[in-house]
Visitor: 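Okay, here's the structure, questions in a sec.
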Amino acid sequence: MFKQFYDEKSSTLTYLIADMTSKQAVLIDPVNENIDAYLEIVNSNHLTLVYSLETHVHADHITGGGKLKSMTTAKTGVSRACGAETADIQLEDNDVITFGHEKITVISTPGHTAGSLSFLWQDRLFTGDSLLINGCGRTDFQGGDAGELYDCITGKLFTLPDETLVYPGHDYNGRRVSAIGQEKGINPRLANKSRAEFIDIMANLNLPKPKLIDIAVPANRRCGTPEPQQG
Ligand code: FE
């Protein structure tokens, strides 16, 4: 079973994958405010949530990982490079996450943030903000690095079969899925661009700072749980 959710406020895309034999399920990039919608699908299909995974520490919304951990049997998983010490699992490149008969392979794709990951399940790639449809995540904060992003997109993601479906962490234009072949061919930041050209494009985007960054980044380092009380 596969389901995509969309959060209107932050344009975040969240994914639920379930193995219907064992009924074990995984969520990728859950949003704090949409937990009820996820749990409705989980419960009505008699699924057991085993993992809540993050592609990275988000700057634009608060993760639902902490809430899911307290309400369900889900374990939270974030890249070791994210500095999210409260996560149950510190993910690394090439780790394999199994649930029932299914498996997800972790691909480290730093550049948008130092701890950005992509997840490969069957012929579907969940790219977070590393590779977006016709774009890519910005590289100007949270340990971002345009050169690193170019290297992992062209050296890792673009070596997957062209038919591999690309499910990004966001889309602001109503698109929901792409494919590796399509992004290789027409992504304006990457198609036929050299590393130097890509770095130049990324250095000149002049994007405003995300509205929620000062709240969301510290909260997401704690997997979305409230700040501990002082004293
Ligand atoms: Fe992001």
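All ligand and atom numbering here is 1-based and tracks the order in the structure. Residue indices begin at 1 and follow the sequence shown.
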Visitor: Within 2.8 Å of the Fe ion (ligand 1), is there any N, O or S atom belonging to H170?
Guide: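 Coordinating: no.
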
Visitor: Please confirm if an N, O or S atom belonging to H58, backbone or side chain, lies less than 2.8 Å from the Fe ion (ligand 1).
Guide: no

Visitor: Got an N, O or S from D60 under 2.8 Å of the Fe ion (ligand 1)?
Guide: no

Visitor: Could you check, using the six-membered ring where one of them is a Trp, whether F198 and Y150 have ring centers closer than 6.0 angstrom?
Guide: yes

Visitor: Could you tell me whether the side chain of D95 and the main chain of L91 form a donor-acceptor pair under 3.5 Å?
Guide: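 The answer is no, because no donor-acceptor pair under 3.5 Å joins these two groups.
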
Visitor: Can you name the N/O/S atom of D129 that is nearest the Fe ion (ligand 1)?
Guide: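 Going by distance to the Fe ion (ligand 1), the closest N, O or S atom in D129 is OD2.
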
Visitor: Does F5 have its ring centroid less than 6.0 Å away from the ring centroid of Y38?
Guide: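 Yes; Y38 has its ring centre under 6.0 Å from that of F5.
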
Visitor: Can a side-chain donor-acceptor contact be found between H170 and D60 if the only test is distance below 3.5 angstrom?
Guide: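 Yes, because at least one side-chain N or O of D60 sits under 3.5 Å from a partner of the opposite role on H170.
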
